[in-house]
Amino acid sequence: MASTEDVKKLAALARLSIAEDVLPARAEEFDRIVTYIAQLDELNIDVSQAPERPLLRNVFREDGEPTAPGTWTEKLVSMFPRRDGDHLSVKKIISHD
């Protein structure tokens, strides 16, 4: 059976704060969860009947000749809304508010 100290340790590991008055209830919940999961030990699974795993295969394209540097630069740069010399400006999408 899980104790309230076990729940406190688990909560600390998960960086959760739990009020003292709910610790006994959480300990009971924890026991019920572990009992439920323990039912998996009772399953009789015949691994010899498991389907065979497919062979691994490479899904990436074949490496070929690389594109020459600068081939797409002007086309990409022309799509930016603002440009200041070699600096490209885009709309701010991340805020720290």
Visitor: I need the E28 CD to L23 CG distance, nearest 0.5 Å.
Guide: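 Those atoms lie 11.5 Å apart.
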Visitor: Tell me whether L10 shares a hydrophobic cluster with I33, the cluster being built from Ile, Leu, Val, Met, Phe, Trp, Tyr side chains joined at under 4.5 Å.
Guide: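 No: no chain of side-chain contacts under 4.5 Å links L10 to I33.
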Visitor: Taking T71 for the side chain and T67 for the main chain, is one N or O donor matched with an acceptor at less than 3.5 Å?
Guide: no
Visitor: Given side chains that start at C-beta, do those of D31 and E29 come closer than 4.5 Å, heavy atoms only?
Guide: no
Visitor: Please give me the minimum heavy-atom distance between A27 and V7, naming the atom from each residue.
Guide: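 Scanning both residues, the minimum pair turns out to be CA-CG2, 3.5 Å.
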Visitor: Under 4.5 Å between side-chain heavy atoms, hopping through other hydrophobics if needed: is there a path connecting L43 to I37?
Guide: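 Yes: a chain of side-chain contacts under 4.5 Å links L43 to I37.
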Visitor: State, yes or no, whether a side-chain contact exists between V77 and R83 at a heavy-atom distance under 4.5 Å.
Guide: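 They are in contact (side-chain heavy atoms under 4.5 Å apart), so the answer is yes.
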Visitor: Report the distance from atom CG of L16 to atom CZ of R26, rounding to the nearest 0.5 Å.
Guide: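 Atom-to-atom, L16:CG and R26:CZ are 10.5 Å apart.
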Visitor: State the CH2-CE distance between W72 and M79, to the nearest 0.5 angstrom.
Guide: 9.5 Å
Visitor: I'd like to know whether CD1 of I93 has more than 12 heavy-atom contacts from other residues, nucleotides or ligands below 6.0 angstrom.
Guide: no
Visitor: In the structure I gave you, are the side-chain heavy atoms of K8 and E20 within less than 4.5 Å of one another anywhere?
Guide: yes
Visitor: Looking only at heavy atoms, what is the nearest atom pair of S89 and F80, with distance?
Guide: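 Heavy-atom minimum between the residues: O-CD2, 3.8 Å.
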Visitor: If you define the side chain from C-beta out and look only at heavy atoms, does anything of R82 sit under 4.5 Å from L88?
Guide: no
